[in-house]
Every structure is written in C-alpha cells, then in structure tokens.
> 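Provided herewith is a single structure, encoded as structure tokens, for subsequent inquiry.
Residue indices begin at 1 and follow the sequence shown.
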Amino acid sequence: MNKKKVALICVHNSCRSQIAEALGKYLASDIFESYSAGTETKPRINQDTVRIMKETYGIDMEANSQHSKLITDIPDVDIAISMGCNVGCPFIGRAFDDNWGLDDPTGKSDDDFKAVIQRIEENIMELKKRLSESGVLRE
C-alpha cells in the first residue's frame, strides 16, 4: 500500500492542526504522511501546544521544524481533514473528507489542551486503523 498524504487543516495552523501533524508523524508515519496547514498563518506555533506536547510525548515540535504553513505550502494530498470550525471551515480547493469537530484550546487551561490532544491522538489512531485495513478513509 502506498502511504496516503493527509492534510490536517485549521484556519491559523498554530494549534490543533500542528498537534495532529506531530501526532500523525509520531504515531502513524508507517501508514500515512501528515501535513498541517491553514488559510492564514501565525508567526509561531502556540507555545502552550509546544510545551504540553514536549511534556506529554517528548515531541519538540519547533526542533522538528514544524511551523505555521498555508495550504499552498504543502503537497497535494489524498485526504483532507478539518480540525473543526466554529464559524465556517476554510475553503481549501476541495471538499473535506472528515471534520474532527475539535474546540480550539487556545487561551484555555492545560487540562483543556490535554483533552483536545487526547481526542486528536484517538482520531489519529482511528485513521491509522482505517487506512491500514482498507487503504481508504471511507469504505
């Protein structure tokens, strides 16, 4: 099976999609390639995200060259997943294959961040399972 390229999208590409990219690379790089992007960028990845991911998984997102990127900065992908849009999902030139419906923890407590990170980990593992079993997102 060829590895699928998965885009993990949120508007600013600074928090949820960055977590998803890091966990996708950490937990599922044997099954799919993870790319995060947004329709806008921020100068830095959310620093609470960087800190908590390092504490929880030992992943140093900034040392691994993760940075806020636009959709045009990543390769063409096979699967596009929205992290969840509170007002409206960004247009990325194609339909999303899935929407994970995650609340943005920016400005909230560490417990809120950890809850979102846990849901992202579960979603990454479910996507890995689906792709390893069928080779496609939906059957």
> Any link between V77 and M83 through a network of hydrophobic side chains (Ile, Leu, Val, Met, Phe, Trp, Tyr) touching at under 4.5 Å?
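As far as the 4.5 Å side-chain criterion goes, M83 and V77 are not connected within one cluster.
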> For L127 and D98, what are the C-alpha separation, side-chain angles and deciding distance, and is it a side chain to side chain contact (heavy atoms under 4.5 Å, CB included)?
CA-CA 10 Å; L127 179 60; D98 201 358; over 6 Å; no
> Can you find a pair of side-chain heavy atoms, one from D110 and one from R51, that are under 4.5 Å apart?
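SC-SC contact between D110 and R51 confirmed.
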> So, are D48 and K108 salt-bridged, with charged N and O less than 4.0 Å apart?
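Not counted as a salt bridge, because no side-chain N and carboxylate O are separated by less than 4.0 Å.
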> Is a side-chain donor or acceptor of N64 paired with a backbone partner of Q66 at a separation under 3.5 angstrom?
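Answer holds: no.
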> Counting only heavy atoms not in K54 (residues, nucleotides, ligands), do more than 12 fall under 6.0 Å from its NZ?
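No, because the 6.0 Å sphere around NZ of K54 holds 12 heavy atoms or fewer from other groups.
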> Give, for atom CD1 of I19 and atom CD of Q118, the distance between the pair rounded to the nearest 0.5 Å.
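Nearest 0.5 Å value for the CD1-CD distance: 12.0 Å.
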> Working to the nearest 0.5 Å, report the span between CG of L23 and CD of Q18.
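L23 atom CG to Q18 atom CD measures 11.5 Å (nearest 0.5 Å).
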> Which distance, rounded to the nearest 0.5 Å, do you find between the CD1 of I59 and the CD of E21?
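Reported value, rounded in 0.5 Å steps: 10.5 Å.
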> Quick check on K42: does its NZ atom have over 12 non-hydrogen neighbours (other residues, nucleotides or ligands) under 6.0 Å away?
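Incorrect, the count does not exceed 12.
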> Between T106 and R16, is any pair of side-chain heavy atoms under 4.5 Å apart?
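Counting from C-beta outward, T106 and R16 never come under 4.5 Å.
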> Can you see which heavy atom on I74 is nearest to which on K69, and at what distance?
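Smallest heavy-atom distance, with atoms named: CG2-CE, 4.2 Å.
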> Return the NZ to CG distance between K4 and D97, rounded to the nearest 0.5 Å.
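K4 atom NZ to D97 atom CG measures 10.0 Å (nearest 0.5 Å).
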> Would you confirm whether K3, through its side chain, and S29, through its main-chain N or O, come within 3.5 Å as a donor-acceptor pair?
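Present.
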> I need the I9 CD1 to W100 CH2 distance, nearest 0.5 Å.
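Reported value, rounded in 0.5 Å steps: 11.0 Å.
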> So M61 and T49, side chain to side chain contact (heavy atoms under 4.5 Å, CB included) or not? Walk me through it.
CA-CA 9 Å; M61 297 166 72; T49 298; 3.8 Å; yes
> Is it the case that more than 12 heavy atoms not belonging to K129 sit under 6.0 Å from its NZ atom?
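Not buried by this count: 12 neighbours or fewer within 6.0 Å.
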> Under a plain distance cut-off of 3.5 Å, with no hydrogens placed, do S36 and N13 share a side-chain donor-acceptor pair?
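N13 vs S36: donor-acceptor pair found between side chains.
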> Would you call L131 and I79 a side-chain contact if the rule is heavy atoms closer than 4.5 Å?
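Touching, per the 4.5 Å side-chain cut-off.
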> Starting at CE of M53, measure out to CD of E62 and round the result to the nearest 0.5 Å.
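Going from the CE atom of M53 to the CD atom of E62 covers 12.5 Å.
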> Grab the two heavy atoms, one from K128 and one from A28, that are nearest each other, plus how far apart they are.
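Closest approach of K128 to A28, heavy atoms only: CD-CB, 3.8 Å.
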> Do you know which two heavy atoms are closest between I45 and V50, and how far apart they sit?
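In this case the closest contact between I45 and V50 is CG2-CG2, 3.8 Å.
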> Identify whether L102 and Y35 are in the same connected component of the hydrophobic contact network (ILVMFWY, side-chain heavy atoms under 4.5 Å).
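The answer is no; the residues belong to distinct hydrophobic clusters.
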> Taking all atoms of both residues into account, what is the closest heavy-atom pair of F113 and C15, and its distance?
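The pair with the smallest heavy-atom distance is CE2-SG, 3.7 Å.
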> Applying a strict under-4.5 Å side-chain criterion to I, L, V, M, F, W and Y, I'd like to know whether V116 and M125 cluster together.
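The answer is yes; both residues are in one hydrophobic cluster.
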> Go through S109 and D111 one step at a time and tell me if the side-chain hydrogen bond (donor to acceptor under 3.5 Å, both in side chains) criterion holds.
CA-CA 5 Å; S109 72; D111 287 340; 5.0 Å; no
> Between H12 and C10 (side chain of the first, backbone of the second, donor and acceptor by atom type, cut-off under 3.5 Å), is there such a pair?
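No, because the side chain of H12 does not come within donor-acceptor range (under 3.5 Å) of the backbone of C10.
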